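Remember, it's 1-based here, ligands and their atoms both numbered in the order they're listed. For clarity, every value in this text was computed on a predicted model and none was experimentally measured. Just so you know, these numbers use all the heavy atoms, side chains as well, and skip hydrogens, waters and symmetry mates.
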Amino acid sequence: MTEVKFKRLALIGIGLIGSSIARAARKQGLAEEIVCAARTADSRRIAKELGVVDAAYESPVEAVKGADLVVLCTPVGTYAAIAEQIAPHLEQGAIVTDVGSVKGAVVKAIGPHIPEGVDFIPGHPVAGTEKSGPAAGFAELFINRWCILTPCDQASEAAVEKLGAFWAAMGSKVETMDPAHHDLVLAITSHIPHLIAYNIVGTADDLEDVTQSEVIKYSAGGFRDFTRIAASDPTMWRDVFLHNKEAVLEMLGRFTEDLAQLQRAIRWEDGETLFKIFSRTRAIRRQIIDAGQETPEPDFGRTHKSEE
Ligand code: NAP
């Protein structure tokens, strides 16, 4: 594995992902100094109290001064303005990356602001929880999880290798991909599942003939797992859908067609079709477990406490 050590790591945003990077980078000794910028005084105070950063600034400009690795960890909708603000203050030779859950829109938002002599490499750790804020992070978040880098022509090979080594040192498996392909893959594996969860929980909330207390009481029937996903941060997910509109709409079209097929099979009591579809999907679950991306334990290996 390539040896990796940065002089100053600047995290712009110190929520779940930013503070997990801070913790993992510190634990693995990947930076001499770790600083962050956070918009609210509360987040700056908590990050300092938890000891995950050496310094916390209100202004991203202060954080990036002297930094050789800058990671944008705020909602995707904030990227363009932050990139414009920090651009004149970036060190020559620095690497700028991000953790946004969409990539095509990020290339457009950040790319044009990056000056000559700075490497820009969009990135996405495919790891997270439904929790938010600096206290929600943990150093093990990225272990055995994929981190997808979508390098364009604004980065040298050496910089891509160095950033890949940084993620690998935090426990990630690293893959490079074209930004448009990333957005399509993530639309079906992450964005549509979140949309379905938000929708089903919203529908249950609107029902008139089933009481709220019944929804909660019998939630172990499947609904509970949707509520965990639907508890994810509204700002982050609003930005994901606004910035991956085309891929999400494309996948949503496919999903709607398949749903209509299920609807038809139920209407016509076509048990054979239902059985065939449900058997195929069971095999996919098996493959996810075999790939080490999930545990076979009941309740998906989650304790009931983490679902509170
Ligand atoms: P989070 O816990 O809510 O943290 C967001 C951070 O961004 C906080 O430091 C917050 O500052 C700051 N922020 C929010 N709105 C801002 C604004 N308008 N201007 C400046 N700063 C702002 O979110 P997160 O889960 O870490 O997500 C951050 C990024 O990671 C997103 O781009 C998301 O797409 C990506 N991501 C998330 C997950 C996941 O599962 N959560 C997984 C992979 C990638 P304050 O605390 O001071 O308000």
**OP:** In plain terms, say whether Lys103 and Asp98 are close enough for a salt bridge, that is, a side-chain N and a carboxylate O under 4.0 Å apart.
**Re:** yes
**OP:** Inspect the contact between Glu49 and Arg45 and indicate whether a charged nitrogen and a carboxylate oxygen are less than 4.0 angstrom apart.
**Re:** yes
Subject >> Carboxylate-amine/guanidinium contact Glu32 Lys7, below 4.0 Å >> reply: no
Subject >> Lys245, NZ atom: more than 12 neighbouring heavy atoms under 6.0 Å >> reply: no
**OP:** For the pair Trp237 and His191, name the ring-plane relationship: parallel under 30°, tilted 30 to 60°, perpendicular over 60°.
**Re:** perpendicular
Original post:
Around ligand 1, what residues show up once you keep those with a heavy atom under 4.0 Å from it?
Top reply: Gly13, Ile14, Gly15, Leu16, Ile17, Arg39, Thr40, Ser43, Cys73, Thr74, Pro75, Val76, Thr78, Tyr79, Val99, Gly100, Ser101, His124, Pro125, Ala127, Gly128, Thr129, Ser132, Gly133, Met236
Original post:
With no hydrogens and no angle check, do the side chains of Glu62 and Ser59 hold a donor and an acceptor under 3.5 Å apart?
Top reply: no
